[in-house]
Participant: 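Sharing a structure below in structure tokens format, with a few things to ask.
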Amino acid sequence: MDPVMLIEQANNRGTLYAVVEQDDRVAYFYLYPSELFTNKYSPRPCWLRNLKAAPHKKDVQAMREGMAPMLEAAWCSHPEGKEPLEADRIEIVWTEEGDGAALLYDGALLGVIPGWTLYSDERAVAYATDCTGADDNSIVFPLGTPATNTLHAKVEKAAAFWKEWSDETNQAWGMLQPQYLHAYEAVLGETTKYYAIDGDQWPPMGLARFENNETVYLITLGMSIRPMPVIEIFYNDNAPAFRRAELAMAFPKKDFPEEQIMEVAATISGLADRPWKTLSWFGTGHTVGVSALPEPYNSLLLSAPAATDPAIAMPVVYGDPVNLYWLTPVQR
């Protein structure tokens with residue numbers, strides 16, 4: 001029997017697809033990269049359950065025949081097999097970063113493909129409720145309990161996050177937006193212009209403008225609603241300190257005519273969504289190419305606030321600090 005797809009769902013920016021398939025032997029959960037990323041990332045599988053009696057040894061024959069392997073009996077909670085999955089009982093919960101996902105069945109956690117495994121060159125790793133053990137060559141591991149595996153809490157937090165933002169009566173932006181603007185205005189004075197830069201896509205994002213006689217400042221707000229992808233790979237347990245960001249740039253009026261300021265503003269607006277559209281991240285020392293800059297500059301350097309930059313006390317968002325990265329023209 002050929003595999004039957006029970007569900008297919010893209011993440012918020014269409015960079016990854018969650019798929020659940022089963023044949024008459026086994027059910028699997030997969031994350032597939034979109035066509036744009038097929039040369040960069042590999043599909044990530046997560047065994048969910050055997051539908052027939054489990055083999056006593058690794059299911060090498062199935063792999064040789066290009067089929068999804070069953071999990072061996074030693075690591076399976078149901079060696080005699082379980083009933084097939086039903087599509088209408090499945091729910092996909094994406095991580096807040098959008099690079100990992102979990103599968104719920106009747107509201108109970110059945111499998112998790114964490115975001116960090118997407119960027120691992122070693123092997124794909126996933127976690128399943130019905131997996132009871134693993135060896136050195138396994139790619140699926142026991143999901144365990146909330147007391148033994150923090151993935152339970154991460155999925156619960158992500159589910160609450162998406163539920164909050166999908167609620168039509170949600171007031172989160174109405175509370176967050178003034179916090180950003182209050183922090184900026186406390187240092188830079190009254191907002192002179194405000195631009196919506198989300199393109200009517202979630203999340204809501206804006207670009208606030210401030211100016212004095214010498215300088216125009218542009219600062220994003222709302223970008224930090226989402227934690228950035230990839231961060232966990234580099235910072236592990238310290239990821240909460242680096243996963244949220246906003247962007248700012250100062251334009252000396254003597255160097256930047258108004259038309260050029262607006263051209264760079266359009267670039268900044270695009271950068272505010274780039275981590276999630278490209279499965280990447282921003283941090284101190286990163287550079288991005290920009291064609292709208294005056295010669296000889298062709299790139300923007302991201303850096304933490306320097307002593308000469310306005311000292312803005314950024315709001316805390318979902319319990320995390322927000323990093324304000326200043327953009328400086330450089331020649332690269």
Side-chain angles (χ1 to χ4, degrees), residues 172-200 203-226 228 241-275 281-318 320-332:
W173 182 234
M175 292 184 288
L176 280 172
Q177 186 187 45
Q179 292 181 40
Y180 293 111
L181 291 176
H182 177 75
Y184 303 164
E185 291 179 345
V187 177
L188 300 174
E190 184 177 349
T191 304
T192 56
K193 288 185 180 179
Y194 182 91
Y195 312 94
I197 61 171
D198 49 49
D200 293 327
M205 293 190 294
L207 186 67
R209 175 173 173 146
F210 308 86
E211 59 185 294
N212 55 37
N213 292 333
E214 299 178 348
T215 308
V216 171
Y217 298 94
L218 294 178
I219 311 181
T220 64
L221 55 154
M223 179 180 170
S224 54
I225 289 172
R226 296 171 289 178
M228 292 183 288
F242 299 95
R243 63 189 177 190
R244 299 187 194 272
E246 299 291 346
L247 304 175
M249 187 168 175
F251 298 83
K253 291 182 178 179
K254 62 181 179 63
D255 299 326
F256 286 85
E258 181 63 22
E259 182 180 354
Q260 198 163 54
I261 291 175
M262 295 311 298
E263 289 178 359
V264 179
T267 296
I268 296 172
S269 300
L271 291 178
D273 197 38
R274 181 177 291 188
W281 63 292
F282 286 143
T284 297
H286 289 194
T287 58
V288 290
V290 177
S291 60
L293 294 170
E295 294 183 355
Y297 305 114
N298 56 18
S299 301
L300 291 173
L301 171 69
L302 280 71
S303 60
T308 54
D309 293 319
I312 298 173
M314 297 297 291
V316 172
V317 175
Y318 289 103
D320 294 340
V322 175
N323 299 277
L324 183 61
Y325 294 117
W326 286 87
L327 305 172
T328 304
V330 295
Q331 186 175 8
R332 186 174 64 173

Participant: Restricting to non-hydrogen atoms, name the atom on Asp200 and the atom on Asp198 that form the minimum distance, rounded to 0.1 Å.
Facilitator: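 Scanning both residues completely, I find the closest heavy atoms to be N-OD1, 2.9 Å.
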Participant: Is any side-chain N of the basic residue among Glu258 and Arg209 closer than 4.0 Å to the acidic one's carboxylate O?
Facilitator: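 A salt bridge links Glu258 with Arg209.
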Participant: Salt bridge check: are Glu211 and Lys253 linked by an N-O gap of less than 4.0 Å?
Facilitator: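 Salt bridge present between Glu211 and Lys253.
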Participant: Is it true that, when you exclude Tyr297 itself, more than 12 heavy atoms of the residues, nucleotides or ligands shown sit nearer than 6.0 Å to its OH?
Facilitator: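 Open.
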Participant: Which pair of heavy atoms, one from Ala304 and one from Asp309, lies closest together, and at what distance?
Facilitator: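 Closest heavy-atom pair between Ala304 and Asp309: O-OD2, 4.3 Å.
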Participant: To the nearest 0.5 Å, what is the distance between CE (Met223) and CD1 (Ile268)?
Facilitator: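 That separation rounds to 11.0 Å.
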Participant: How long is the span from the CD atom in Gln177 to the CD1 atom in Ile225, to the nearest 0.5 Å?
Facilitator: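 Those atoms lie 9.5 Å apart.
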Participant: Dump the intermediate steps for side-chain contact (heavy atoms from CB on, under 4.5 Å) on Met228 and Phe282, then the final yes or no.
Facilitator: CA-CA 8 Å; Met228 292 183 288; Phe282 286 143; 4.1 Å; yes
Participant: Answer with yes or no whether the side chains of Tyr180 and Thr220 bring together a donor and an acceptor at under 3.5 Å.
Facilitator: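 No pair is found: no donor N or O on one side chain lies under 3.5 Å from an acceptor on the other.
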Participant: In Å, rounded to the nearest 0.5 Å, how long is the span from CG of Leu181 to CD1 of Ile219?
Facilitator: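 The CG atom of Leu181 sits 9.5 Å away from the CD1 atom of Ile219.
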Participant: Between Gln331 and Ser299, is there a side-chain donor-acceptor contact under 3.5 Å, judged purely by atom types and distance?
Facilitator: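 Checked: Ser299/Gln331 side chains show no N/O donor-acceptor pair below 3.5 Å.
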Participant: Determine yes or no for a side-chain-to-main-chain donor-acceptor pair under 3.5 angstrom, with Arg244 supplying the side chain and Val322 the backbone.
Facilitator: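 Between the backbone of Val322 and the side chain of Arg244 there is no qualifying donor-acceptor contact (under 3.5 Å).
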Participant: To the closest 0.5 Å, what do you measure between CG (Leu207) and OH (Tyr194)?
Facilitator: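 These two atoms lie 9.0 Å from each other.
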Participant: Is it true that Tyr184 and Glu246 share a donor-acceptor pair across their side chains at a distance under 3.5 Å?
Facilitator: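 No.
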Participant: Show your working on ring-ring contact (aromatic ring centres under 6.0 Å, His included) between Phe256 and Phe251 and close with a plain yes or no.
Facilitator: CA-CA 6 Å; Phe256 286 85; Phe251 298 83; 5.1 Å; yes
Participant: Which pair of heavy atoms, one from Ala313 and one from Ala183, lies closest together, and at what distance?
Facilitator: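 Shortest heavy-atom separation between Ala313 and Ala183 comes out as O-CB, 3.3 Å.
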Participant: Kindly say whether Gly270 contributes a backbone atom to a donor-acceptor pair with the side chain of Asp273 at under 3.5 angstrom?
Facilitator: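 Checking the backbone N and O of Gly270 against the side chain of Asp273, no donor-acceptor pair under 3.5 Å is found.
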Participant: For Asp255 and Gln260, work out which heavy atoms get closest and say how close.
Facilitator: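 Smallest heavy-atom distance, with atoms named: O-OE1, 4.0 Å.
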Participant: Nearest 0.5 Å, what's the CG-CG distance between Leu300 and Leu247?
Facilitator: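 Nearest 0.5 Å value for the CG-CG distance: 9.5 Å.
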Participant: Just wondering, do Arg226 and Pro203 contact through their side chains at under 4.5 Å, heavy atoms?
Facilitator: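 A side-chain contact exists here, since the closest heavy-atom pair is under 4.5 Å.
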Participant: Between atom OG of Ser224 and atom CZ of Arg243, what is the distance when rounded to the nearest 0.5 Å?
Facilitator: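 Answer for the OG-CZ pair, Ser224 versus Arg243, is 12.0 Å.
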Participant: Using modelled atom types and a 3.5 Å cut-off, is there a donor and acceptor pairing between side-chain atoms of His286 and backbone atoms of Trp281?
Facilitator: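 Yes, His286 side chain to Trp281 backbone: donor-acceptor pair under 3.5 Å.
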Participant: So, does Asn323 use its side chain to make a donor-acceptor pair with the main chain of Ala241 at under 3.5 Å?
Facilitator: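 Flag set: sc Asn323 to bb Ala241 pair under 3.5 Å.
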Participant: Between Leu327 and Leu301, is a side-chain contact (heavy atoms from CB on, under 4.5 Å) present by the stated rule, with each step listed?
Facilitator: CA-CA 5 Å; Leu327 305 172; Leu301 171 69; over 6 Å; no
Participant: Please report the shortest heavy-atom distance between Gly283 and Leu302, naming the atom on each side.
Facilitator: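 Minimum heavy-atom contact is O-CB, 3.7 Å.
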Participant: Would you check if Met205 and Trp173 make a side-chain contact, meaning some heavy-atom pair closer than 4.5 Å?
Facilitator: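 No; the side chains remain at least 4.5 Å from each other.
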Participant: Could you check whether any side-chain heavy atom of Ser269 comes within less than 4.5 Å of a side-chain heavy atom of Tyr195, counting everything from C-beta outward?
Facilitator: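 They are not in side-chain contact.
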Participant: Would you check if Val290 and Asn298 make a side-chain contact, meaning some heavy-atom pair closer than 4.5 Å?
Facilitator: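 They are not in side-chain contact.
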Participant: Between Pro310 and Tyr217, what is the shortest heavy-atom contact and its length?
Facilitator: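 Closest pair (atom of Pro310, atom of Tyr217, distance): CG-CE2, 3.8 Å.
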Participant: Determine, stepwise, if the pair Val264 / Leu293 fulfils side-chain contact (heavy atoms from CB on, under 4.5 Å).
Facilitator: CA-CA 7 Å; Val264 179; Leu293 294 170; 4.2 Å; yes
Participant: Quick one: do Lys193 and Phe210 satisfy side-chain contact (heavy atoms from CB on, under 4.5 Å)? Show the steps, please.
Facilitator: CA-CA 7 Å; Lys193 288 185 180 179; Phe210 308 86; over 6 Å; no
